[in-house]
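Taking it in order: structure first as structure tokens, then the write-up.
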Amino acid sequence: MIEVKELTKSYGPTLAVNRVSFDAKVGEVVGFIGPNGAGKTTTMRILTCYLTADSGSATVAGYDVIENSIDVRKNVGYLPESAPLYTDVGVVEYLKFMADIRNIPKSKRNERLKTVIEICGLEGVIQKDIGELSKGYRQRVGLAQSLIHDPPILILDEPTSGLDPSQTIEIRNLIKNIGREKLVLFSTHILPEVEATCDRILMISRGQIVANGTLDHLCSQVRSNNRLYVAIRGSEETITPQLKQLEGITDITHIDTENGVVSYNITIDNENDNITEYIFQSVVQNGWSLAELRQESIDLEDVFLHFTSGEQSKNTEAPQASESSVTPVDEE
Ligand code: ADP
């Protein structure tokens, strides 16, 4: 439904989107995440035909964003970061206006209005002007306009930005429901939002896609540098050097010593499955006692830091030989 290949876009010397490729299909909610300035809005504007790429290609609902931009617009609902709403207009009047712009026949207009008002929970505010609405309700009106022509694809740029926690939860639930039938690509830099809403995560950093997959999949990729927490009753002076000698431990950090229990964060080489056994044996052989040994769980924040840290970006940086005057963005 969306197919993006090697999309590249610069603003003068700023390389905003650098050879971005991905695809997505109907029935998926895809979270497009990355630090501010990573290239999310630029990518979304290209997909919604508000900007043209310098190179690469993108098809949306089977239509090329340059060759068939009218067809792309018919198949996409777009909610920009600041929804373009007219504040002195009534909610229904505005939605009727958007329905006309979208060429919805008069015979079908009322039915579509009723549907989007219901989906977006606007029943209680249909008598009001948009200017009278809270930010959460304005955002719902923005969503309603993006859905008015019943597009199979929705592209939402930071749909919960600036909303309070309860408004945020409502919009997230809305997105989740809509995503059952449509393809929703939405950007955010709020990580819990992604965990709560998305089937798949598309992570962009400095203009490049650095990760693409389910949360579990991305966590398992990060797990290659696994971490353990271990707490041992004994003396730090003897425990630390012994642990350092164990095969498969790549890093060891002493956290603290409390009531005779020494605790560590340990990074292990995942190639070595026996490391927990070695730690246990070492404890027994040295006559210490094991207070705790557990695997540190990995969450989206760890995944995000792993894939968007400077080192990772360096590893994944695309060649820029043909763009010597162009620098990758870094606003983190
Ligand atoms: P995001 O949505 O991830 O925050 P953007 O796509 O808005 O990122 O921006 C990517 C980079 O392109 C940033 O460095 C931003 O400053 C730059 N940029 C975005 N829009 C413009 C513009 N109209 N002119 C110049 N630079 C821009």
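Every number for a ligand or one of its atoms is a count from 1 in the order of the listing. What you see is a predicted model; the values in this text were computed from it and never measured. Values reported hereafter were calculated over all heavy atoms of this structure, with side chains retained and with hydrogens, waters and symmetry mates removed.
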task: Give a yes/no on ligand 1: does G12 have at least one heavy atom closer than 4.0 angstrom to it?
output: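 Flag not set, G12 not near ligand 1.
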Ligand 1 contacted by G39 (non-hydrogen, < 4.0 Å)
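Checking ligand 1 against G39, which is what was asked, there is a heavy-atom contact under 4.0 Å.
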request  = Can you sort out which atoms of ligand 1 are near P35, meaning under 4.0 Å from one of its heavy atoms?
outcome  =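 So the answer, numbered in order with elements, is 3 (O).
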Q: Enumerate the atoms of ligand 1 whose separation from the nearest heavy atom of A16 is less than 4.0 angstrom.
A: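 Here the atoms of ligand 1 in question are 10 (C), 11 (C), 12 (O).
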_Can you see whether Y50 has R73 sitting over its ring - NZ or CZ less than 6.0 Å from the centre and within 45° of the normal?_
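Pair R73/Y50 counts as cation-pi.
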Is a side-chain N or O of T214 found less than 3.5 angstrom from the main chain of H217, in a donor-acceptor match?
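Confirmed, T214 side chain pairs with H217 backbone.
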*Is the backbone of T267 close enough, under 3.5 Å, to the side chain of D251 for a donor and an acceptor to pair up by distance?*
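The answer is no, because no donor-acceptor pair under 3.5 Å joins these two groups.
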Work out which heavy atom in F307 is nearest to a heavy atom in V210; give both atom names and the distance.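 For F307 versus V210, the nearest heavy atoms are CD2-O, 3.3 Å.
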Work out which heavy atom in H149 is nearest to a heavy atom in V76; give both atom names and the distance.
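Closest heavy-atom pair between H149 and V76: NE2-O, 2.9 Å.
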Discussion item. On a heavy-atom basis, I'd like to know which of T42, N36, T41 is closest to atom 2 (O) of ligand 1.
Written reply: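 Nearest option to atom 2 (O) of ligand 1, by heavy atoms: T41.
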